[in-house]
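Data block below; observations after.
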Amino acid sequence: MRLFHAAAASAIALVLAAEPALAEAPATKAAIEAEYDNYLAPLFLDFHQNPEMGFLENRTAAKMAAELKAAGLEVTTGVGKTGVVGILKNGDGPLILLRADMDGLPVEEKTGLGYASKAKQVGEDGKEYPVMHACGHDVHITSLVGTARRLVAMKSQWKGTLMFIVQPAEEGVRGAKAMMEDGLYERFGKPDYALAFHVAAELETGKVSASEGIQYSSSDSLDIRVPGIGTHGAAPHLGRDPVYIASQVVTALQSIDSREISPVKPVVVTVGSFHAGSKHNIISDEAKLQVTVRANDEETREQVIATVERIAVNIGKAHGLPDSMPVTVTRLPGTPTTINDAALARRLNAVMQRELGASAFVPFEQKNMGAEDFTYFVAADTGVPGYYFAVGGTTPERIAAAKAGGPPIAGHHSPLFQIAPRESVVLGTRAMVAAVLDLAGKKK
């Protein structure tokens, strides 16, 4: 698959040499497609079949470091644990950050694809899990390699420095923060712009979309421990049943959205895990809940978290738990909202329409409350304007078939999640190249 016909390469090179700056000439698109067919395709398959979980991406990081070095970049590994930074200098000009996340998920792939992952990995907790790229990060890192290789080949058309970020542990919204805490900007420079994309299963291939404001919601994980007084199931009056108390907590949390928060402010409170007990006839002495909270602004985010704690603690008190045995709510590291810089988004949305075609751009519509930790690279206190966009991952034929009653399009994190690799990687690369050429291109 890596064989490249010399005649085709020469023809593309000749046309590229003549193409105008700041425009995606047909030869640029052709060159990226050829790059996928002859180089990136096996790289994608390798990433897909060898996924690794957050902060355990040692093989993936090593392979990405090798690819970026081979492309001609100065590479530093071990940034934020397993993160990789590749620097490409090309004279005076802006410093542009281009980020791709690389971690997979503890999900067993059930797509039936010939290249489906069969990988297993021991997690940070010491347990073994099946692992899958169930969120498309294999697309992101493959495209990052393609973008680096293409921009090296097009150095005559832009000036500045590119900072390629291979980020770990996005799924636990930990990796970007870890890289920042490891002195990313102090060590490599503060970017003038930061760019990233995510492949989207619900968006058809050939399409891109980005907001001029909020792109992703906040996300926070809460651990709730409900203590109890264990006893025999035949004598519940002698104890305090944590299963019953925790069940009322679960139900009461659903009142937050309907009765605590303004109806025009979206909020999601999800209880994703409920664990208690060991036997049919034993009232246990503990129940544990794992909760996710999502919001679209920081004030609402903090209000919801405080309300979860108030409800959980006071339901425990209402059921007679003594002050020495309170319900406890522990807040784990989370991520704020991801908000695109309005001016930068307007500029680059126009670039996408101009370079990829007007029909390729789809106006942004928030359809769920997914979260992203890219926000740590572009938080208000960094002063770095960010642009995060979506790239279509499902072919129009599959979307049409689903609408006609066929197999539904599996969402992200599903064991059935799949995207069209070639179309996704190629378009993501084209979009990134177009953005860089606009921001750092030599003006006519």
Side-chain angles (χ1 to χ4, degrees), residues 1-2 4 12 24 26-51 60 63-64 66-68 70-71 84 86 98-104 109 111 113-117 132-154 162 164-167 170 195-210 352 355-357 360 388-399 409 412 417-437:
M1 296 178 74
R2 290 177 183 265
F4 194 83
I12 291 172
E24 193 203 36
T28 303
K29 177 175 179 289
I32 293 171
E33 290 173 339
E35 185 94 87
Y36 183 86
D37 294 337
N38 297 287
Y39 192 89
L40 299 176
L43 191 63
F44 169 83
L45 293 177
D46 183 81
F47 287 139
H48 186 86
Q49 293 177 323
N50 295 281
T60 307
K63 195 169 186 68
M64 284 298 293
E67 288 292 338
L68 294 179
V84 179
L98 299 87
R99 173 270 207 169
D101 38 8
M102 62 174 162
D103 54 323
E109 183 164 356
T111 60
L113 293 169
Y115 57 87
S117 170
M132 172 190 176
H133 269 300
C135 204
H137 296 184
D138 45 357
V139 169
H140 304 169
I141 51 179
T142 305
S143 177
L144 194 74
V145 173
T147 301
R149 291 170 63 88
R150 180 63 10 217
L151 288 169
V152 167
M154 301 175 75
L162 305 182
F164 290 82
I165 300 295
V166 187
Q167 184 207 304
E170 185 279 330
L195 313 176
F197 80 84
H198 204 299
V199 64
E202 71 276 7
L203 187 63
E204 72 176 53
T205 50
K207 306 291 185 183
V208 297
S209 182
M352 297 303 161
E355 307 302 337
L356 307 180
Y388 197 110
F389 60 100
V391 170
T394 302
T395 62
E397 293 78 13
R398 284 191 63 225
I399 291 177
I409 304 302
H412 296 243
F417 174 84
Q418 60 174 291
I419 46 78
R422 185 180 190 273
E423 293 88 339
S424 302
V425 171
V426 167
L427 187 61
T429 305
R430 290 172 59 201
M432 278 292 201
V433 168
V436 169
L437 291 183

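In this structure, the side chains of Val436 and Thr147 stay at 4.5 Å or more apart for every pair of heavy atoms. In this structure the side chain of Glu33 never reaches within 4.5 angstrom of the side chain of Arg430, judged on heavy atoms.
Residue Leu427 comes nearest to Gly206 through the heavy atom pair CD2-C, 3.5 Å, listed as atom of the first residue, atom of the second, then distance. Between Pro396 and Thr205 the shortest heavy-atom distance is CD-OG1, 3.4 Å. Heavy atoms only, all atoms of each residue included: Ala116 and Thr111 are closest at CB-OG1, 4.0 Å. Between Ser424 and Val391, the shortest heavy-atom distance links the atoms O-CG1, 3.8 Å. Listed here is the closest heavy atom pair of Thr395 and Ala420: CG2-CB, 3.9 Å. Smallest separation of non-hydrogen atoms from Ala431 and Met352: O-CE, 3.4 Å.
Of the possible donor and acceptor atoms, one in the side chain of Ser143 sits under 3.5 Å from a partner among the backbone N and O of Thr429. A donor-acceptor pair is defined here as one N or O able to donate and one able to accept, closer than 3.5 Å; such a pair exists between the side chain of His137 and the backbone of Asp103. A donor-acceptor distance shorter than 3.5 angstrom exists from the side chain of Glu109 to the backbone of Ser117, with no hydrogens or angles considered. At least one donor-acceptor pair under 3.5 Å links the side chain of His412 to the backbone N or O of Ala201. When atom types are taken as modelled, the side chain of Thr142 and the backbone of Asp138 share a donor-acceptor pair closer than 3.5 angstrom.
Residue His140 holds its NE2 atom at 9.5 Å from CE of Met432, rounded to the nearest 0.5 Å. Between the CZ atom of Phe197 and the CG atom of Leu144 there is a distance of 8.5 Å, given to the nearest 0.5 Å. Distance check, rounded to the nearest 0.5 Å: NZ of Lys29 to CD of Glu355 gives 14.0 Å. To the nearest 0.5 Å, the span separating OG on Ser209 from NE2 on His198 amounts to 14.0 Å. The CG atom of Leu162 lies 6.0 Å from the CG atom of Leu98; values are rounded to the nearest 0.5 Å. Distance check: Phe164 CZ to Met64 CE gives 9.5 Å after rounding to the nearest 0.5 Å.
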Practice prompt. Could you please spell out the steps behind the side-chain contact (heavy atoms from CB on, under 4.5 Å) verdict for His133 and Phe44?
Written response: CA-CA 11 Å; His133 269 300; Phe44 169 83; over 6 Å; no
Practice prompt. Give the intermediate values and the outcome of side-chain contact (heavy atoms from CB on, under 4.5 Å) for residues Met132 and Phe417.
Written response: CA-CA 9 Å; Met132 172 190 176; Phe417 174 84; 4.1 Å; yes
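Under the rule for a side chain to side chain donor-acceptor pair (under 3.5 Å), the partners of Arg149 that lie at least two apart in sequence or sit in another chain are Glu35. Partners of Thr60 under the side chain to side chain donor-acceptor pair (under 3.5 Å) rule, at least two apart in sequence or in another chain, are Glu52.
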